[in-house]
2 protein chains.
Amino acid sequence: MHSTDHAAPTIVDVARAAGVSKSLVSLAIRGDAGVSEATRTRILAVADTLGYRSNVLARGLARGRTQVLGVLVSDLSNPYHSDVVAGIEARAEGAGLGTVIGHGQGDPAVLAARLDQMLDLGVDGVIVVSAMLPAEALDTAAARRPVVMVGRPFEQPRRVSVVRNHDERGAALAVAHLQDLGHHGIVHLASSHRAAASARRLAYGEAMTRAGLPSTTLWVDEGGVETLIAGAVGSAGPTACFAGNDRTAAALLHDALDAGLDVPAAFSIVGYDDAQIARQVRPGLTTVAQPREAIGREAARLLLARIDGDKDTVEVTLEPSLTVRGTTAAPC
Amino acid sequence: MHSTDHAAPTIVDVARAAGVSKSLVSLAIRGDAGVSEATRTRILAVADTLGYRSNVLARGLARGRTQVLGVLVSDLSNPYHSDVVAGIEARAEGAGLGTVIGHGQGDPAVLAARLDQMLDLGVDGVIVVSAMLPAEALDTAAARRPVVMVGRPFEQPRRVSVVRNHDERGAALAVAHLQDLGHHGIVHLASSHRAAASARRLAYGEAMTRAGLPSTTLWVDEGGVETLIAGAVGSAGPTACFAGNDRTAAALLHDALDAGLDVPAAFSIVGYDDAQIARQVRPGLTTVAQPREAIGREAARLLLARIDGDKDTVEVTLEPSLTVRGTTAAPC
DNA sequence: CAACGCTACTGGAACGCTCCAGACGGGTCT
DNA sequence: AGACCCGTCTGGAGCGTTCCAGTAGCGTTG
């Protein structure tokens with residue numbers, strides 16, 4: 001650390017080497033219009049040969065902006081999250097901003113701590129991709145910087161924009177697919193009371209009612225899987241299930257196969273999310289896919305608008321789509 | 001943005017409110033010894049009621065340290081990475097440092113860009129959890145800040161510490177397990193020429209030789225899976241396979257079952273990594289597990305030492321262990 | 001009791017940048 | 001010709017810290 005760069009070159013070094021003032025270097029580098037073309041190229045050339053890199057800390061301090069977005073995720077290993085992050089990064093990069101990620105390890109307290117830390121670091125805004133961040137942490141963050149939330153539909157109005165997939169439409173898509181195949185006895189398998197899960201559950205009920213069919217919701221933690229399989233084995237039981245998410249659907253598939261139930265010939269299953277697991281189980285899981293990258297891009301777009309002074313907080317819902325694989329077929 | 005906090009309180013606000021100089025506030029907050037107990041508690045109380053938060057940007061500028069570590073990963077959705085990150089975060093938090101993550105999306109160019117960006121943001125050091133970062137990007141980063149590399153064993157010496165799992169020992173573990181069960185015809189299935197994969201392949205060969213058995217390596221992209229299964233179906237063929245990683249093992253398992261081969265009764269399979277997929281396939285995959293959290297903690301420990309002035313770069317290897325699930329049994 | 005050494009505290013420079021008010025020439029307009 | 005403007009460039013203040021060289025107050029000591 002001694003024989004190499006004695007110190008990173010600063011704007012002053014560039015100015016001296018180019019024979020201009022530091023202010024002009026600053027303007028040239030930021031592409032200000034009031035710099036003649038000749039001097040700009042000269043300054044940039046000098047900066048380049050000196051290996052000058054703008055100090056983000058100093059810029060952030062002086063300007064109040066760091067040109068970096070923060071993304072808070074609760075579970076890195078969830079591919080849903082990484083796809084959303086990819087969308088965010090693509091959009092941010094297009095606008096010349098960098099991105100850092102904070103990882104909450106599925107723990108609300110850690111999540112809140114990471115959020116504070118990213119804000120302390122000076123990010124210009126934050127996108128929260130996690131349903132488990134405490135509401136008050138979200139509020140205090142929103143008071144400091146623009147915040148966009150991905151995935152959680154909000155009850156009360158907050159100073160936060162929201163981007164989410166249209167769970168209601170997704171559930172309707174799943175039910176319609178099963179009905180098109182000829183199923184009547186379609187049960188919903190729920191595993192959570194969280195907002196997205198509830199939206200799917202309610203939309204399932206409405207879709208069934210609209211079709212003039214009775215709706216039944218079973219809960220995983222009340223032995224719903226066993227009940228469902230026991231019923232499906234009998235000839236009068238349900239012939240299909242719409243599960244609230246892919247993990248639940250995969251567990252159901254596993255147990256159904258173990259019970260000797262033929263999927264999809266004797267029993268069809270639809271999941272939600274198009275998670276990695278949907279491609280890994282056999283047969284592949286038919287599932288409702290969220291437009292994950294698009295969600296990320298939209299979230300970044302909203303955040304950038306807020307950073308640029310837009311006051312309005314909005315809620316955007318994007319359309320899910322159905323991915324048909326091997327767990328659905330006409331009932332026999 | 002106007003009616004709320006007109007501006008975040010600074011150290012000067014705290015000083016004024018407490019009736020002391022800003023220098024003293026700075027010392028008190030950082031826990032300097034030369035502050036009397038009485039004034040320290042008073043200052044901290046004032047800071048607290050004012051909601052003062054130290055400005056990381058200003059501190060970083062003045063001090064040259066931000067108390068934040070950067071972690072560069074190439075693939076967020078790989079659970080190996082998230083476990084390592086968890087270990088890093090645990091250790092960093094214990095030392096009072098924060099952590100930000102840069103995500104390379106599996107693209108070397110993006111990876112290098114994120115690395116630069118994190119360094120620009122002023123992180124005190126970086127842990128690289130990715131085998132695909134270009135060597136020159138690693139070198140320029142190492143010239144700027146301390147860097148610790150996870151997982152890639154290095155050929156030539158660099159200004160970088162390395163933490164990795166002991167691939168040689170892991171391969172030996174897998175082979176020993178199969179030999180203990182009574183297997184003699186054990187084939188290695190390789191899918192990559194990367195360093196870790198090569199180490200495992202060579203160690204497999206040595207372990208077989210040591211046991212006086214012939215070693216055979218088949219390559220996935222040369223039709224190795226088909227060759228292997230064709231051989232295993234016959235009665236004189238191999239009875240077991242050690243695959244270079246879990247993804248390869250899972251693919252082999254899939255095709256073997258499709259070919260009517262009974263796993264593990266007629267054919268045993270061992271993978272490497274204990275990836276998520278090892279738990280999701282049926283039967284569950286016997287595999288060599290890396291001590292992922294420990295790797296992360298160790299990497300953070302080394303980085304913190306480097307940040308505190310330690311000049312030496314070291315290479316640490318941690319012991320893998322064997323996780324026995326359902327794809328291994330005695331040959332029939 | 002002057003000299004000394006502590007402990008507790010202070011003021012200003014420095015970190016590298018942005019922003020603002022203005023300077024300096026050389027047109028253009030009247 | 002004087003007033004004015006416009007494009008280009010400059011110097012200094014300021015962002016919120018840390019760090020360094022002091023200073024004041026006070027008890028010890030020879």
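We name chains A, B, ... by the order of the sequence lines, and we start the count at 1 in each one.
Looking at residues 12-28 of chain A, you'll see A:Lys22, A:Ser23, A:Ser26 sit with a heavy atom under 4.0 Å from some atom of DNA chain C. Near DNA chain C, meaning a heavy atom under 4.0 Å from it, residues 31-50 of chain A has no residue at all.
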**Request:** Check step by step if side-chain hydrogen bond (donor to acceptor under 3.5 Å, both in side chains) holds for B:Thr140 and B:Arg144.
**Result:** CA-CA 7 Å; B:Thr140 62; B:Arg144 295 224 269 158; over 6 Å; no
**Message:** Run B:Arg53 and A:Asp120 through salt bridge (charged side-chain N to carboxylate O under 4.0 Å, His left out) and show every step you take.
**Reply:** CA-CA 8 Å; B:Arg53 315 212 84 216; A:Asp120 285 350; 2.8 Å; yes
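For B:Arg63 and D:dC20, the CZ to C1' distance is 15 Å, given to the nearest whole Å. To the nearest angstrom, C1' of C:dG11 lies 14 Å from CD1 of B:Ile11. Atoms CD1 (A:Ile29) and P (C:dG16) sit 14 Å apart, rounded to a whole Å. Spacing between atom CD of A:Gln67 and atom P of C:dG16 amounts to 20 Å, rounded to whole angstrom units. One can place CG of B:Asn55 at 14 Å from C1' of C:dC17, the figure rounded to the nearest angstrom.
For A:Arg59 and B:Ala58, each mapped to the nucleotide of DNA chain C holding its nearest heavy atom, the one lying further toward the 5' end belongs to B:Ala58.
Residue contacts shown for B:Arg53 are limited to sugar-phosphate atoms, with no base heavy atom under 4.0 Å away.
Annotation: side chain of A:Val129 is not in contact with side chain of A:Leu72 (no heavy-atom distance under 4.5 Å). In this structure, B:Val84 and B:Ile88 have side chains that are in contact, with non-hydrogen atoms separated by less than 4.5 Å. Looking at A:His103 and B:Thr99, their side chains never come closer than 4.5 Å, going by heavy atoms from C-beta outward. B:Leu44 places none of its side-chain heavy atoms less than 4.5 Å from the side chain of B:Tyr52.
Ion pairing between B:Glu293 and B:Arg91 fails under the 4.0 Å rule for side-chain N and carboxylate O. Salt-bridge formation is detected for the pair B:Arg114/A:Glu93: a Lys NZ or Arg NE/NH1/NH2 atom is positioned less than 4.0 Å from an Asp or Glu carboxylate oxygen.
In this structure, A:Arg292 CZ and A:Leu318 CG are separated by 13.5 Å, a value rounded to the nearest 0.5 Å.
When each of D:dC19, C:dG16, D:dT17 is scored by its nearest atom to the side-chain atoms of B:Thr10, the top-ranked nucleotide is D:dT17. The B:Leu61 side chain lies nearest to C:dC15 when the options are C:dC17, C:dC15, D:dT17.
Regarding contacts with the backbone of C:dT18, a side-chain N or O of A:Arg30 is found under 4.0 angstrom from either OP1 or OP2.
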